[in-house]
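Read the structure below first, then the notes.
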Amino acid sequence: MNTVDTAFVILASVLVWFMTPGLAFFYGGMVSKGNVVNTMLSVFYITGIAILLWVGGGYELAFNGNVLGIIGRIHGLFLSGVHLTHVMGTGLPVGAYVLFQMMFAIITPALFVGAVVGRMHFKYLTWFIVCWSVLVYYPLVHMVWGPGGLLGGLGMLDFAGGTVIHINAGVTALVLSVFLGRRRVSRFQPYNRPWVLLGTAILWIGWYGFNAGSALGVNRAAVTAALTTSVAAASALVAWMVLDVYRTGKPTLVGVCTGALCGLVGITPAAGYVTCAGAAVIGLVATIASYSFIQLVKPHLGVDDTLDAFGCHGVSGIVGSLLTGVFASKDVAPQIKHAGVLYGGGMRLLLVQLLGTLVTVIIVAGMVALITVTLRRCLPMRVGAQEERLGLDLGEHGETADYTVAALRASTPDVLNYPDEFTGQLGGLGHLPNKRR
């Protein structure tokens, strides 16, 4: 066992897990005050579900064996069929790799939670995550990173999960938004903007484990990934701020944080393959694409992705995947078969990246639609109008983010809290939300 590389991967695993509470603060700071608890809990409780699913059989479905290049085989539940102490050719024990990949299985479904906050039943979300992990995430991991995987066999490059994680989560968010429909209360003030900054900082820190850790050792690729991650995030952050100033006349905290996130997403598939100059361009283009989609395209689509999970992760992930075919360099990563367009590799890698991206979008969209339609026959997907207007914190969990939210509800006149009881005398108030006792 290579103890240095093993320690590095364990540290990277901790950093990737750290992204999940970071995402909870990022999303929790942006939602309305009546949905903070629901949003943060919906992100964080995935930690428990995903770990149990991963050790229960998810790891083997993703990495053990091969069936038609699409899925692996389970040889024993709870890793009983996996030799965790076996040392792989890289010097890593299998257990360390299981741990590292487990963290990706946690953060990926947490990303699409941002699209459905304030509308989806907690029970429905739970069962959707279980079905999605088994039917979408594990097969896609196998196809890109697993032995004999279909997309990996084509030569598709995805250093740290641009396809497997970000395009996957983004497309899932978009499809769920279509099925859920628009919010009944679409205008709200973010609960806590400092939380958004805190969450962004935690995510950025964790992304070094995400990208550099994907080198699986203290090596040249890890150093490259750490550098390109920094450059792309910085480029995207500045680009979003400039676009905000150009369009509205003022830079915004939420905008700067969103821009940094887009850069981190965009560089993920290319982190170990491109130069710092390539990383800067990827961050810039990812931000321009995501900003344009969110500000110009999304309003005309009629799709209500609450926190722009597709606009950030889906769009920037697609940009990063495609630009890997442009900026990948054999000087940076001698192990790759074909360089990108700008580094003498011709169009081959770009076409492979395009094909892999399209296949990913089609598979994810189709399977998510199938899961959603099937589950809706068994469970209600969307909360009622009254609960939605009240906020899911009280409706789903009986908790509030702080005392001011509870105090505000307590001070609301009874005619607003219980309108049904006043309908006879004040029929004009029949449309008001019937807040739960």
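Numbering starts at 1 and runs along the sequence shown. Computed from a predicted model, the values in this text were never measured in an experiment.
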Original post:
Going through the checks in order, is the side chain to side chain contact (heavy atoms under 4.5 Å, CB included) test met by Leu41 and Glu396?
Top reply: CA-CA 11 Å; Leu41 177 59; Glu396 294 283 290; over 6 Å; no
Do any side-chain atoms of residues 253-261 form donor-acceptor pairs under 3.5 angstrom with protein atoms, and if so which ones, sequence neighbours left out?
unit_1	atom_1	unit_2	atom_2	d
Thr258	OG1	Val254	O	2.7

Taking [Y]'s backbone N and O only, do any of them form a donor-acceptor pair with [X]'s side chain (distance below 3.5 Å, no angle check)?
X      : Y      : answer
His313 : Gly170 : no
Asn2   : Asp5   : yes
Glu60  : Leu79  : no
Ser80  : Leu77  : yes
Arg182 : Val178 : no
Asp158 : Gly161 : yes
Glu399 : Leu394 : no
Thr6   : Leu92  : no
Lys330 : Ile336 : yes
Thr287 : Ala236 : yes

Original post:
Should Asp305 and Lys298 count as an ion pair when the cut-off is N to O under 4.0 Å?
Top reply: no
Subject >> Sidechain N-carboxylate O distance under 4.0 Å for Glu388, Arg382 >> reply: yes
**OP:** Show the numbers, then the answer: is there a side chain to side chain contact (heavy atoms under 4.5 Å, CB included) between Ser177 and Asp304?
**Re:** CA-CA 6 Å; Ser177 298; Asp304 193 359; 5.7 Å; no
Would you tell me whether [X] and [Y] have side-chain atoms, one donor and one acceptor, within less than 3.5 Å of each other?
X      : Y      : result
Asn211 : Ser214 : no
Ser321 : Thr357 : yes
Asp393 : Thr400 : no

4.5 Å side-chain heavy-atom contact, [X] and [Y]:
X      : Y      : result
Val36  : Met40  : yes
Val332 : Tyr273 : no
Thr20  : Ile46  : no
Val364 : Asn168 : yes
Leu125 : His121 : no
Val9   : Tyr97  : no
Ser32  : Tyr191 : no
Trp127 : Leu379 : yes

**OP:** Applying side chain to side chain contact (heavy atoms under 4.5 Å, CB included), run through Gln295 and Leu243 and close with a yes or a no.
**Re:** CA-CA 11 Å; Gln295 300 293 340; Leu243 288 170; over 6 Å; no
Subject >> Check against side chain to side chain contact (heavy atoms under 4.5 Å, CB included), Ile371 and Val136 >> reply: CA-CA 10 Å; Ile371 294 169; Val136 179; 4.0 Å; yes
Please report the closest heavy-atom contact between [X] and [Y], naming both atoms and the distance.
X      : Y      : result
Val37  : Ala401 : CG2-N, 3.7 Å
Gly65  : Pro147 : O-CG, 3.7 Å
Thr228 : Ala271 : OG1-O, 2.8 Å
Ala173 : Ala309 : CB-CB, 3.6 Å
Thr172 : Val368 : OG1-CG2, 3.6 Å
Pro299 : Ile294 : CD-O, 3.6 Å

Subject >> Candidate list Trp54, Tyr137, Tyr138, test side chain to side chain contact (heavy atoms under 4.5 Å, CB included), partner Leu61, passing option >> reply: Tyr138
**OP:** Under the side-chain hydrogen bond (donor to acceptor under 3.5 Å, both in side chains) rule, what do Ser230 and Tyr208 come out as? Steps first, then yes or no, please.
**Re:** CA-CA 9 Å; Ser230 305; Tyr208 290 110; 2.7 Å; yes
**OP:** Quickly, which of Phe25, Tyr27, Phe26 forms a ring pair (Phe, Tyr, Trp, His ring centres under 6.0 Å) with Trp195? Name it, please.
**Re:** Phe25
Supply the atom-to-atom distance [X] [atom1] to [Y] [atom2], rounded to the nearest 0.5 angstrom.
X      : Y      : atom1 : atom2 : answer
Phe112 : Ile129 : CZ    : CD1   : 5.0 Å
Asp244 : Thr252 : CG    : OG1   : 4.0 Å
His86  : Leu84  : NE2   : CG    : 11.5 Å
Ser13  : Leu99  : OG    : CG    : 4.0 Å
Ile267 : Ser316 : CD1   : OG    : 11.5 Å
Met120 : Thr306 : CE    : OG1   : 10.0 Å

**OP:** Show the numbers, then the answer: is there a ring pair (Phe, Tyr, Trp, His ring centres under 6.0 Å) between His166 and Phe104?
**Re:** CA-CA 11 Å; His166 296 292; Phe104 286 74; 9.2 Å; no
Original post:
What pairs with Phe18 under side chain to side chain contact (heavy atoms under 4.5 Å, CB included), at least two apart in sequence or on another chain?
Top reply: Pro21, Ile202
**OP:** Describe, in one word, how the ring planes of Tyr124 and Phe128 are oriented to each other, choosing from parallel (under 30°), tilted (30 to 60°) and perpendicular (over 60°).
**Re:** parallel
**OP:** Apply side-chain hydrogen bond (donor to acceptor under 3.5 Å, both in side chains) to the pair Thr268 and Trp207, showing each step before the final yes or no.
**Re:** CA-CA 9 Å; Thr268 295; Trp207 228 288; 3.0 Å; yes
Proximity of [X] and [Y] rings by center, below 6.0 Å:
X      : Y      : result
His75  : Phe63  : no
Tyr343 : Phe327 : no
Phe122 : Tyr45  : yes
Tyr291 : Trp240 : yes

